[in-house]
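To start, the structure itself, in structure tokens.
Indexing begins at 1, ligand by ligand and atom by atom, following the structure's order. Any value given below was found using the heavy atoms of this structure, including those in side chains, with hydrogens, waters and symmetry copies removed. Residue numbers start at 1 and run along the sequence shown.
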Amino acid sequence: MRETIPVWDIWIRLGHWLIVIGFFFQQISGGDAEYIDAHATVGTLLAGWVIFRILWGFIGPKYAQFSSFPPPNPRLVTKSFKRILTRQSEEVPGHSAIGGVAVYVFLTLILLTALTGMSSSDDILFDGPFAPLLPAAMVSFAGTVHPILSDLLLVVVAVHLIAITWHVIVMKEPLIRGMLTGRKHAFDQEPGDPHAFSRVIFIRGFIFSLLILSFTYGIIGIYLGW
Ligand code: HEM
Ligand code: HEM
């Protein structure tokens, strides 16, 4: 059994599995008038997760921090891609160059999908919370773009799943177990980040999750008329 080191803190892991559930719920509920309130609520919570993840990229533990991602320059991303194709391990505990870019793409797409949903209206049953504040042309544009963005997100998720399957089956790197336990295989002298499992990180994440949850709850409450 190879040695493992601490990498992903509880908030990265919990957040990841919650957005997986939320994302699949959005795909099923989107466009169904009967579930529009639930769809809008879960979509707003997903936007709340994006805000949390951006904040966590600055105040979270080492491997959650954007400063620990390799710079997203095309040369490094291509190199990272070639290594994966030739089945050479990246030998980095956190995100590789290509993995870091994937995180930025996910954050941008989820936020834009949620924002366009919040700006759209069907003129009958549903008005997104931003729709009454925007000119009619923008509301109509948001309604057109929202399904396009959610389809784009679906494509990115499919690529993500292919990449994870490749790592797990072909490269024998148990990344899914890593996202469940927080521990990944050790490389060279890399000690990992024991701070990721510390009480300070747990409490800091808890406080910021509560703050962002109350904020999203407030927004949802306004437009669902609670
Ligand atoms: C990341 C979050 C979200 C995802 C992945 C998502 C996904 C989807 C999908 C797949 C559809 C069906 C599109 C179709 O019929 O082809 C849809 C429709 C819809 N969504 Fe979302 N949605 C999200 C967030 C939101 C939010 C936050 C709101 C409102 C607050 C919202 C409001 C709507 C409305 C009104 C429709 C029906 C009208 C339309 O097709 O534009 N969505 N969404
Ligand atoms: C069952 C489906 C999924 C599985 C098995 C899965 C698995 C994983 C694994 C193993 C990682 C860590 C990769 C590493 O160690 O470098 C990861 C990261 C990530 N995944 Fe997924 N994933 C799934 C679905 C999704 C979906 C649906 C989304 C978004 C809508 C998503 C967004 C992300 C993001 C943003 C990260 C980076 C984590 C962070 O830094 O916060 N995943 N995923």
Side-chain angles (χ1 to χ4, degrees), residues 7-9 11-33 35-50 52-54 56-57 60 63-66 68-69 90 92-96 98-131 139-154 156-165 167-168 173-185 216 219-220 223-224:
V7 176
W8 303 127
D9 64 89
W11 301 106
I12 287 281
R13 287 178 280 148
L14 194 64
H16 180 266
W17 297 117
L18 287 176
I19 59 159
V20 172
I21 298 170
F23 173 76
F24 285 110
F25 179 79
Q26 291 307 84
Q27 290 301 324
I28 299 163
S29 60
D32 188 334
Y35 295 110
I36 188 61
D37 283 354
H39 181 84
T41 304
V42 174
T44 310
L45 287 169
L46 284 170
W49 172 80
V50 174
F52 176 84
R53 184 63 186 91
I54 293 175
W56 209 231
Y63 296 113
Q65 293 218 8
F66 299 133
S68 79
F69 296 12
E90 295 266 21
V92 285
H95 289 302
S96 60
I98 204 162
V101 169
V103 175
Y104 298 132
V105 170
F106 268 129
L107 294 178
T108 311
L109 265 183
I110 297 175
L111 193 62
L112 286 179
T113 310
L115 285 178
T116 50
M118 289 162 140
S119 310
S120 56
S121 159
D122 64 2
D123 293 325
I124 317 164
L125 290 171
F126 180 80
D127 258 350
F130 300 148
V139 174
S140 152
F141 178 72
T144 310
V145 169
H146 183 67
I148 299 174
L149 287 173
S150 63
D151 282 352
L152 218 57
L153 192 54
L154 198 60
V156 175
V157 168
V159 173
H160 178 59
L161 295 186
I162 294 169
I164 298 290
T165 310
H167 277 281
V168 173
E173 291 181 334
L175 296 192
I176 300 180
R177 194 165 69 200
M179 228 345 144
L180 289 166
T181 63
R183 301 185 70 90
K184 290 174 83 172
H185 279 162
T216 32
I219 296 182
I220 295 164
Y223 67 88
L224 293 190

If you look at every heavy atom in [X] and [Y], which pair is closest and at what distance?
X    : Y    : value
L107 : R53  : CD2-CG, 3.7 Å
V168 : L175 : CG2-N, 4.1 Å
A131 : S120 : CB-O, 3.8 Å
I12  : W8   : CG2-CE3, 4.0 Å
A142 : T116 : CB-O, 3.5 Å
F69  : Y63  : CE1-O, 3.8 Å

- Query: Any heavy atom of D122 sitting closer than 4.0 Å to ligand 1?
  - Reply: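 No, D122 has no heavy atom closer than 4.0 Å to ligand 1.
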- Query: For the atom pair CZ (R13) and CG (L18), what is the distance rounded to the nearest 0.5 Å?
  - Reply: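 Reported value, rounded in 0.5 Å steps: 12.5 Å.
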- Separation between CD1 of I110 and CD1 of I19, rounded to the nearest 0.5 Å: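 Here the interatomic distance stands at 4.5 Å.
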- Message: I'd like to check F106 versus L153 (side-chain heavy atoms, cut-off strictly below 4.5 Å). Are they in contact?
- Response: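 Sidechains of L153 and F106: in contact.
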- Message: I'd like to check I148 versus L152 (side-chain heavy atoms, cut-off strictly below 4.5 Å). Are they in contact?
- Response: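 Not in contact.
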[X] side-chain N/O to [Y] backbone N/O, donor-acceptor pair under 3.5 Å:
X    : Y    : result
R177 : R183 : no
K184 : G178 : no
W17  : M179 : yes
T144 : S140 : yes

Quick one: nearest non-hydrogen protein atom to [atom], plus distance?
atom                    : answer
atom 41 (O) of ligand 2 : R53 NE, 2.6 Å
atom 35 (C) of ligand 2 : F106 CD1, 3.6 Å
atom 34 (C) of ligand 1 : I36 CD1, 3.6 Å
atom 10 (C) of ligand 2 : L175 O, 3.2 Å
atom 40 (O) of ligand 2 : H95 NE2, 2.8 Å

- Hey, is CZ on F141 packed in by over 12 heavy atoms from elsewhere, all under 6.0 Å?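 Not buried by this count: 12 neighbours or fewer within 6.0 Å.
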Only heavy atoms of [X], strictly under 4.0 Å: list the atoms of ligand 1 that pass.
X    : value
I110 : 1 (C)
L46  : 1 (C), 2 (C)
Q27  : 10 (C)
G143 : 41 (O)

- Under-4.0 Å heavy-atom contact between protein and atom 38 (C) of ligand 1: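 Under 4.0 Å from atom 38 (C) of ligand 1, zero protein heavy atoms found.
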- Task: Take every heavy atom of Y63, measure it against each atom of ligand 2, and state whether any distance is under 4.0 Å.
- Result: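 Outside the 4.0 Å threshold, so no.
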- For atom 27 (C) of ligand 2, the option (of F23, W49, W17) bearing the nearest heavy atom: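 Shortest heavy-atom distance from atom 27 (C) of ligand 2: F23.
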- Query: Hey, looking at atom 16 (O) of ligand 2, which of R177, K184, H167 has the closest heavy atom?
  - Reply: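 Answer by nearest heavy atom: K184.
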- Item | Within less than 2.8 Å of atom 21 (Fe) of ligand 2: protein N, O or S atom count |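 Those protein atoms number 2 in total.
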- Task: Please determine which of L112, T113, L115 meets the side-chain contact (heavy atoms from CB on, under 4.5 Å) test together with H146.
- Result: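 For H146, the side-chain contact (heavy atoms from CB on, under 4.5 Å) test succeeds with only one of L112, T113, L115, which is T113.
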- Message: I want to know whether F25 and Y35 have ring centres closer than 6.0 Å.
- Response: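 Between F25 and Y35, the centre distance exceeds or equals 6.0 Å.
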- Which ligand 2 atoms, with their elements, are less than 4.0 angstrom from a heavy-atom of I176?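 Those of ligand 2 that fall under 4.0 Å from I176 are 5 (C), 10 (C).
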- Query: In the protein, how many N/O/S atoms are under 2.8 Å from atom 21 (Fe) of ligand 1?
  - Reply: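 Those protein atoms number 2 in total.
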- Task: Of the side chain and backbone of V42, name the one, both, or neither that has a heavy atom under 4.0 Å from an atom of ligand 1.
- Result: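 None of V42 does.
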